[in-house]
Amino acid sequence: MSATLPSVCPLDCPDTCSFSVTVENGALKKVRGSKVNPLTRGAICAKVTRYPELIHGPGRLSRPLRRSGPRGAGAFEAIGWEQALDLVYEGFQRAIDRHGPQSIVPLNYAGPHGLLAGGSMDRRFFNRLGASQLARSPLCGGVRGEAFTGTFGNVPLMRPEDVAHAALIIIWGLNVTVSQLHLMAPIRQALRNGARLAVIDPRQTPIARKADLHIANLPGTDVLLAFALAAELERNGGLDRAFIRRNVLGAEAFMERARALSLTQAATACGVSAADVASLAALYRDRSPAVICPGNGPERNRNGGSGMRALFALPALAGKFGVRGGGLLMGASKAFPLTGDRLEGSDMIPSGTRTLNIVTLGRALLDPALDPPIDAVFIYNHNPVIVHPEQNTMKKALMREDLFIAASDIVMTDSVKYADVVLPACSHFEHDEIFKAYGQHYLQRAAPVIPPVGEALPNTEIFRRLATRFGFTEAPFSATDAALMDDAFDARDPRLGGRKPSEIGLEEAVPMTFGGKAAALFDTTFPATPSGKVELESAYLERTYGRRLPGFEPLASEFPLALISPASDKRTTSTFGGLDNGGDDYLEMHPGDAAARGLTDGARVRVFNELGEVFLDLRVTDVVRPGVVCAFKGAWMKTSTNGQTVSALAPAHLADLCDGACYNDARVEVAAAAPS
Ligand code: SF4
């Protein structure tokens with residue numbers, strides 16, 4: 001029997017596409033795009049067409065498992081659910097008896113982006129348990145999120161669809177065709193209308209090849225580049241002084257920093273041409289509406305918060321807000337009336353509970369001075385071995401024999417292999433779910449399209465059962481999935497039009513509007529900062545991080561090449577990495593850098609620094625600029641000959657805001673691999 005059913009993409013991607021899936025005899029056969037979501041309009045990326053292999057393939061977890069061999073070897077035996085829940089109970093209880101509930105850490109991230117699987121009953125369980133809190137956003141998005149909050153407050157700025165109205169589009173550290181595919185349609189529309197396109201990226205991404213101007217700055221120099229553009233706008237008459245007077249706080253203090261370097265000095269520090277910076281500033285002065293579309297690239301370094309704040313400042317300084325298609329494409333997740341604390345049961349967190357940073361959790365696991373120490377972790381919605389900086393530290397930490405590890409996932413990942421007990425989780429095709437988005441403004445709901453595979457359970461049910469096993473009888477633990485959906489949003493907010501989220505149709509995408517209109521800063525939405533202005537100087541960021549203004553600190557390293565590790569078009573972070581992905585585990589290097597090292601295209605090379613070494617095939621190409629090498633993130637260990645992937649080379653030092661991850665601060669050397 002065959003049926004075509006609606007669904008939604010749950011992956012860590014801004015687009016949250018609507019799906020139309022074909023199901024035959026209870027099995028997922030095909031995933032296509034549907035037109036339910038007006039932004040994604042039937043188009044999906046190639047990655048998700050492989051969902052049937054992921055859901056029904058040999059790596060799928062379909063029964064609870066108990067470790068039956070050495071830690072990390074991946075040897076398990078099947079057990080029943082009751083026994084598995086007992087094992088988790090006993091492992092956690094041992095930790096509580098030794099060092100209290102804070103010795104337990106939920107090690108989860110953003111595998112599924114649905115609000116139920118992503119963070120609802122699981123959070124309630126760990127909060128009630130009194131486990132350590134985990135700061136997750138520092139791993140990705142938190143740096144720019146904090147920069148945004150400090151500058152604009154909790155407010156959505158514009159919809160991606162409105163980029164179609166821009167006369168100038170600046171794509172900044174965003175590989176659009178891979179990481180925000182559905183921005184391409186409005187960009188193409190704008191280009192057809194005569195818009196100009198500039199791209200700022202150390203790598204010549206596909207969209208950079210279409211650009212009128214590509215500025216390939218060195219990783220981590222975005223703050224200097226944005227300062228240089230601001231100073232040049234001041235010189236070329238491009239500052240909108242009336243707008244600044246009315247709507248911007250701290251412009252003069254910001255400009256003082258922006259003027260500190262001459263155009264030539266700033267361009268040299270960024271590794272770019274001063275003439276290109278001046279050309280971009282002139283374009284920005286002359287063309288309106290002008291929109292800047294930033295990605296996550298500029299946040300992944302020690303100056304990441306400053307880089308984001310400085311580039312956020314440009315549309316405020318040049319008065320680019322307030323017109324359709326102008327300003328800054330950011331803040332989509334602020335478009336939804338979320339009630340995160342209620343969904344997650346934050347009121348159950350015991351006062352004084354510590355918060356650990358996900359970025360440095362590997363170090364925390366090995367820290368003899370940590371009080372209390374970590375005795376147990378529960379890995380779910382996450383593949384920390386592949387994703388975390390300092391991969392070798394995380395691997396060593398998870399090898400601790402005295403650490404109890406529970407894990408839950410759809411498939412046997414490189415991280416699940418370390419677990420003592422494994423709980424099989426349903427994919428979102430197997431449970432009810434509701435989706436906000438972080439790159440568009442539509443609320444969507446999905447229902448199961450296939451029955452659970454084997455004995456897999458939805459995350460909500462796994463944690464409901466664990467709550468029962470621990471004797472948690474309070475009302476939040478008996479909430480149904482529909483009740484959780486309704487808990488996730490403020491039903492009184494006009495954006496929901498009086499509707500219960502759990503009753504949103506499966507073939508509709510509810511647009512979030514403001515006074516009946518789309519978000520547009522200084523038209524339908526306004527800065528939600530303490531001053532009500534765009535804050536280039538931020539008391540909040542000073543209070544929280546000691547960073548009243550953006551600044552720059554150089555990175556010193558004995559290793560000469562900057563290694564960037566952007567998203568692959570084969571995986572969403574590490575999701576789908578367990579499938580045969582057709583091989584994108586290579587290193588891109590500029591011909592000049594290759595020649596200087598006597599390396600040739602196709603050679604096997606050793607990429608190394610003080611943290612680790614990775615062996616990759618070399619691709620000599622001018623896609624990357626001199627001084628920069630590139631290897632895509634998210635490849636699984638099966639692609640590695642020495643048990644290390646590109647995260648092994650990423651440092652664990654922290655960015656200037658949010659204590660965020662600094663993947664693009666990896667500095668490496670590359671040499672020919674010794675013949676095996
Ligand atoms: S990963 Fe992104 S582009 Fe691909 S289907 Fe999912 S939401 Fe759409």
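Residues passing the side chain to side chain contact (heavy atoms under 4.5 Å, CB included) test with Pro315, sequence neighbours excluded: Tyr284, Ile292, Lys320, Phe321, Leu328. Partners of Thr177 according to the side chain to side chain contact (heavy atoms under 4.5 Å, CB included) rule, which considers only residues two or more places apart in sequence or in another chain, are Asn175, Met184, Pro206. Listed by chain and residue number, Arg604 satisfy the salt bridge (charged side-chain N to carboxylate O under 4.0 Å, His left out) test with Asp617 (two or more places apart in sequence, or in another chain). When the side chain to side chain contact (heavy atoms under 4.5 Å, CB included) test is applied to Ser333, the partners found at least two apart in sequence or on another chain are Lys436, Tyr438. Residues meeting the side-chain hydrogen bond (donor to acceptor under 3.5 Å, both in side chains) test with Gln644, sequence neighbours left out: Asn392. For Arg123, the salt bridge (charged side-chain N to carboxylate O under 4.0 Å, His left out) test picks out Glu344, with sequence neighbours left out. Residues that satisfy the side chain to side chain contact (heavy atoms under 4.5 Å, CB included) test with Asn193, not counting sequence neighbours, are Gln189. Applying the ring-ring contact (aromatic ring centres under 6.0 Å, His included) criterion to Phe559, with sequence neighbours excluded, gives no partner residue.
Evaluation of the salt bridge (Lys or Arg N to Asp or Glu O under 4.0 Å) test over residues 106-117, restricted to residues two or more places apart or in two chains, returns none. The salt bridge (Lys or Arg N to Asp or Glu O under 4.0 Å) contacts involving residues 289-310 comprise Arg302-Glu553, where partners must be two or more places apart or lie in separate chains. Among residues at least two apart or in separate chains, side-chain hydrogen bond (donor to acceptor under 3.5 Å, both in side chains) pairs with a member in residues 149-159 are Arg159-Asp162. For the salt bridge (Lys or Arg N to Asp or Glu O under 4.0 Å) condition, the pairs that include at least one residue of residues 212-227, sequence neighbours left out, are Arg196-Asp212.
Tyr51 and Phe576 have their aromatic ring centers within a separation under 6.0 angstrom.
Cation-pi geometry between Arg619 and Tyr586 is met: under 6.0 angstrom from the ring centre, within 45 degrees of the axis.
The residue from Thr573, Ile386, Ile564 that alone fulfils the side chain to side chain contact (heavy atoms under 4.5 Å, CB included) condition with Lys633 is Thr573.
Between Ser279 and Leu213, the closest side-chain pair of non-hydrogen atoms falls below 4.5 Å.
Summarising the geometry, atom CZ belonging to Arg667 is positioned 12.5 Å from atom CG belonging to Leu611; distances are rounded to the nearest 0.5 Å. For the atom pair Ser273 OG and Ile215 CD1, the distance stands at 7.5 Å (nearest 0.5 Å).
Counting non-hydrogen atoms of neighbouring residues, nucleotides and ligands closer than 6.0 angstrom, the CZ atom of Arg495 exceeds 12 such neighbours.
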Begin with the C-alpha distance, continue with both residues' side-chain angles, and end with the deciding distance and a verdict on side-chain hydrogen bond (donor to acceptor under 3.5 Å, both in side chains) for Ser34 and Ser18.
CA-CA 5 Å; Ser34 87; Ser18 55; 2.9 Å; yes
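Ion pair Arg445/Glu508 not flagged as a salt bridge, since none of the NZ, NE, NH1 or NH2 atoms sits closer than 4.0 Å to an Asp/Glu carboxylate oxygen.
Side-chain atoms of Asp201 and His214 include no donor-acceptor pair closer than 3.5 Å.
The backbone N or O of Cys17 sits nowhere less than 3.5 Å from a side-chain atom of Asn37 that would complete a donor-acceptor pair.
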